[in-house]
Amino acid sequence: ATHLLVPGRYILPVHKRPSSSVNGKGALPVVDLGGDDDGRIAEEIVRAGREFGFFQVVNHGVPEEVMGAMMRAAEEFFALPADEKMAYYSNDRKKLPRFHTSLRNGTGEEVLYWRDCLKLGCHQPEWLDKPRGLGAALEPYTAAVRAAARRVLRLTAIGLGLEEGHFDGSLSGSGLMNVNHYPPCPDPSLTLGAGPHCDPGLVTVLMENVGGGLQMLLHGDGDAGGGGVMWVDVDAAPGALVLNFGHQMEVVSNGRLRSAEHRVVTSARGARTSLATFVWPEPGCTVAPAQELVLAAGEGPLYKPHSYGEFLGAYLAEGGVKEAAMAHLKH
Ligand code: AKG
């Protein structure tokens with residue numbers, strides 16, 4: 001393939017390579033969004049959110065053909081000749097759509113990971129003329145994914161004991177999507193497709209064309225962890241969507257739900273394409289721990305009220321490293 005990755009530049013320092021961490025298997029909770037027993041579904045979401053910050057959803061209401069069309073369009077984009085993709089290349093973080101092949105790490109230095117990424121605003125079908133199908137596939141896909149995310153957020157609110165509409169008013173219509181492509185890697189032990197990070201917003205919805213690659217950091221304080229932390233594979237069933245909570249959910253839930261740290265390992269066997277849709281509060285929104293939760297437990301707020309837009313700016317400058325991002329928010 002005519003990808004833009006030059007092997008020598010993607011080799012990570014030894015302590016950041018995937019081989020230096022313990023790997024294990026963890027069962028990713030399955031939440032069935034079908035049916036109308038909202039109380040039960042809400043409980044399952046909150047249980048998964050406490051322990052993993054990650055779960056998969058089935059009967060999510062995103063039609064199979066809508067998912068298929070979106071994935072095919074994404075694959076077509078990455079199959080374009082390198083110079084056509086590079087026409088969208090930019091280092092300007094505010095520019096969308098934007099094609100890039102690198103991320104910043106926590107120290108502000110530029111680190112290249114084994115990934116190509118097309119960043120899209122969710123409501124700009126006019127921008128890309130190639131591949132032709134992408135704009136048409138994007139509208140129905142993002143509409144259906146955001147509807148599923150809204151339902152999950154309502155259920156999460158119920159599970160936390162909040163008003164069902166707690167998250168409704170703040171949801172941004174200007175969501176962002178990462179369309180990721182990880183080419184086959186000659187030596188997956190030397191690099192990562194994406195470095196360890198958390199997502200800044202409320203919830204992220206992920207679709208992938210082949211399983212394997214995404215890993216979550218499992219904490220020993222949960223039932224499944226057994227002490228310490230380890231990276232485990234996030235294995236989802238075909239047709240399921242993978243959801244993870246982001247920093248704003250950890251804040252609103254006053255630490256009850258986990259902003260899930262994750263990374264992507266590469267594979268020598270074949271390429272993988274994934275689409276991460278980020279569901280965010282409005283940038284002008286003030287986010288704070290829910291009063292009900294702070295009062296109920298008598299524990300005091302763990303996080304400060306903050307403007308989501310300001311937080312996002314700091315998060316992007318620091319590359320998504322959890323401690324650095326959360327330091328801005330801690331009381
Ligand atoms: C991201 O785009 O931020 C991801 O973490 C992608 C995860 C994946 O490719 O599975």
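One-based numbering, in listed order, for ligands and for the atoms of each. As the structure is a computational prediction, the values presented were derived from the model and not from experiment.
- The aromatic rings of His181 and Phe78 sit parallel to each other, their planes meeting at less than 30°, with 60° as the upper class boundary.
- Looking at residues two or more places apart in sequence or on another chain, you find a ring pair (Phe, Tyr, Trp, His ring centres under 6.0 Å) between Phe311 and His247, His306.
- For Glu43, the salt bridge (charged side-chain N to carboxylate O under 4.0 Å, His left out) test picks out Arg47, with sequence neighbours left out.
- Atom CD of Glu163 has 12 or fewer heavy atoms from other residues, nucleotides or ligands within 6.0 Å.
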Next on the checklist: Walk me through whether Asp168 and Arg150 qualify under salt bridge (charged side-chain N to carboxylate O under 4.0 Å, His left out).
Outcome noted: CA-CA 8 Å; Asp168 282 3; Arg150 259 195 311 277; over 6 Å; no
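- Sorted by chain and number, the heavy-atom contacts of ligand 1 below 4.0 Å come from Arg115, Asn178, Asn180, Tyr182, His197, Leu206, Leu214, His262, Val264, Arg272, Ser274, Ala276, Phe278.
- Scanning for side chain to side chain contact (heavy atoms under 4.5 Å, CB included) contacts around Leu312 gives Pro200, Trp280, Tyr308, Tyr315, Leu316, with sequence neighbours left out.
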